[in-house]
S.K.: 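Input: one structure, supplied below.
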Amino acid sequence: CDPEYYRWNQWFFLKMLEKGLAYRKKAMVNWCPECGTVLANEQVVDGCCWRHESTPVEQRELDQWFLRITAYADELLADIPKLEGGWPDRVLAMQRNWIGRSEGAEVDFGVEGSREKIRVFTTRVDTIHGATCVILAPGHPLVKSLAPAAAQPAIKAMLDSQARKDPADVEKVGIATGAQAVNPYSGEKVPIWIGNFVLMGYGTGAIMAVPAHDQRDFEFCKQYGIAIRPVIRPADGRLSDAAELREALPDDGIVENSGEYSGVPSADARTMMSERAKRQGFGEAAITYRIKDWGVSRQRYWGTPIPIIHCPVDGAVPVPEDQLPVELPLDIKITGKGRSPLENVPEFVNVKCPRCGGAAKRETDTMDTFVDSSWYFYRYCDPRNAAAPYDPKKVAYWFPIDQYIGGVEHAILHLIYSRFWTKMMRDIGLTTVDEPAKRLFTQGMVIKDGAKMSKNKGNVVSADEMIDRFGADTGRVFELFAAPPEKDVEWTDSGAEGAYRFLGRVYRFVTRNTDRADQAATVHQSEADKKVIRKLHQTVRKVTSDFETRWHFNTSIAAVMELVNELYAGEADLTPPVLAEVLEKLTLLLGPFAPYVTQEMWEHMGRAGLVFKQTWPAYDDELAREEGAEVVIQINGKIRSKITVPFGTERIVLEQVALRDDKIQPFLEGKQIVKIVIVPDKLVNIVVKG
RNA sequence: GCGGAUGUGGCGAAACUGGCAGACGCGCGGGAUUUAGGUUCCCGUUCCCGAAAGGGAGUGUAGGUUCAAGUCCUAUCAUCCGCACCA
């Protein structure tokens, strides 16, 4: 609710209004009765509200503000390849799917005995001679005039059922209107139906049904006894007979029974027919998207006020820029009754029209909070700028984001809105980047009893309870150790106990050896010292590399566990200076995973300051090196012996040693050596036969 | 239906570049400490045969490439996730 951030949200809104990217229209919108507000399409999950997962969303017709994300649909899709490799495939697939670009054609069917036209969208205009009926969505504008009065109650029921996204709607239901449509290519008359599976919200709200080549149409026409007529012949086969068809044949082939188009390959026919529609004025090639404009009006208090004043004379008038920000009144009553609480604040609502000065009313809807999250990370670069959302130069220095982290649940919410917002800002000259983030990492969730654990639900293992039992460090170590962070992890008490045991093991080792540790002592290194130093440097290297590259902290923690196991094994023989190095580095290595217990260890060791402010421990490749290379000796790819040799041992030496090996000899008796493959420091594979 | 991902011990997983499958942990079995339980410490634990040494099999399934495949290729099955009468 920072008014300065609201100011820039409102500024963006006015910019978009200027450019036609923000607009107001009356539309059927999603309504969550629990929230008492409208929701964007992206915020409806399985027909329910994204925040109330068991509350079905209703449809209401309301005047609402929209942002024209569809103006960027093509670019949002076309730029997805730029994100490949950096973003998870899953997220990109979801976005591609959500944008739902579909190439085809729109053509007008005439209505027999009327001047009306029914425009249909199809991806298969090449099959139009096989269209045996036209089906309207129950909400189609022509339904009222074409269908008989007697059918109106059934149509109303169909409409309601669609609005509820009724699961029973898997059954196809049709109502014949009795009217006839005229095929613009052939002049053929076909019946006009109303179908529950045709959606007003996609394409034109009307389809041509080609039952021979579309499975849905096939099922519908079969059910209602409507003619089925194949018009596509497979390139290497014959045209099917309608009577023998048991399912639709949706593939491309050669167009047949289609007048002048007969004999033309499907793809060519689509082009030719779209061109003809355009030439003769009854249609054109068309692209349809599944994505809809972003409805941003919310009937909530908590959000950026939409900077508009409704004047009876001048209509919707933008608040002049110098009057921004429109601030939220602080003295309000939250009723939860489904209208913005701002409506009940007269001082907020009653204003003068900026254009004519007459009495006017302020818009009381606020913006979707996803507006705020669409560009906050740009503001981070210049958070106190009072003259602009930010200085483009500062953003040019930092952007694009190298690594963004978030949950996959935002794949088609925040992550598509923020891509849109970036492109919009680019087009008004605020940034030069096309995409906000080069790389995206989607972390997994903590699962409990098979369901996702989240604060929006009740099934959380309470953090307090977990902290009481084990401490916060244990919770963190358990989660990081259970699986790599992109995977979901199931919370288990026994797993948490394991993490707790491990931290206890570390703590006991450090505290009981603190007094023995002495960096300055000069003593001879023991055998245990050598092993531990090697392991220590290997561990630092391993953990460092996990942080720098793949973030698989489960293997980092496993490596530290291995180190601790070795410390326990050699504990009695470790000398003071080695202990000093081990204690310090072990503490620092675990610091990011277990900040509390490591801080306690740090202080127990008499060290000053905070662990997380220390320099990350260094490692030495020389010290991390194994004493010798363990080389595996294989016969025909099966391991038969292992030897240890100095690093860099010559191939010829390896071969000699392998052939003389006691365990190898018996396998060579009476056999012919075909080939010897040698990988220095790794293996010798002797290929024999006979 | 379309799209994406994943299949490795009893379980979570590891194997990063084609080169020792199962690191590490959970669980389980055994031992030490303890009056006992718990804690802690140690040992064992992929499966099959074997007292052991050792041998055989093994990364969903079936093929292929290679001296060598969990890893690459082809087909197939299963599971999970997303979208879905999208025309």
S.K.: Work out how far the C1' atom of B:U39 is from that of B:U45, and round it to whole angstrom.
M.R.: 23 Å

S.K.: Regarding A:Glu103 and A:Arg270, does a basic nitrogen lie under 4.0 Å from an acidic carboxylate oxygen?
M.R.: no

S.K.: Check this for me: does the side-chain of A:Glu630 come within 3.5 Å of the base of B:C20 through a donor and an acceptor?
M.R.: yes

S.K.: Would you list the pairs meeting salt bridge (charged side-chain N to carboxylate O under 4.0 Å, His left out) in which at least one residue belongs to residues 553-564 of chain A, sequence neighbours left out?
M.R.: A:Lys535-A:Glu562

S.K.: Once you apply a heavy-atom cut-off of 4.0 Å, does A:Arg101 come out as touching a base, just sugar-phosphate, or nothing?
M.R.: nothing

S.K.: How far does the C1' atom of B:A62 sit from the matching atom of B:A14, given to the nearest Å?
M.R.: 27 Å

S.K.: Using the C1' atom on both, measure B:G70 against B:U6 and round to a whole Å.
M.R.: 14 Å

S.K.: Should the side chain of A:Lys642 and the base of B:C20 be counted as holding a donor-acceptor pair, with the cut-off at 3.5 Å?
M.R.: yes

S.K.: For atom C1', what is the distance between B:C43 and B:U33, given to the nearest Å?
M.R.: 15 Å

S.K.: Under 4.0 Å, counting only non-hydrogen atoms across every strand here, what does A:Asn565 touch: a base, just sugar-phosphate, or nothing?
M.R.: sugar-phosphate

S.K.: With no angle test and no hydrogens, is the base of B:C83 tied to the side chain of A:Asn97 by a donor-acceptor pair under 3.5 Å?
M.R.: no

S.K.: Distance check, C1' atoms only: B:G22 and B:A15, in whole angstrom units.
M.R.: 8 Å

S.K.: Would you tabulate the side-chain donor-acceptor contacts of residues 478-485 of chain A under 3.5 Å, counting partners in other chains and residues two or more places apart, or write 'none'?
M.R.:
none

S.K.: Any side-chain donor paired with an acceptor under 3.5 Å for A:Tyr289 and A:Asp74?
M.R.: yes

S.K.: Classify A:Val679 by what it touches in the nucleic acid, base, sugar-phosphate, or nothing, heavy-atom distance under 4.0 Å.
M.R.: base

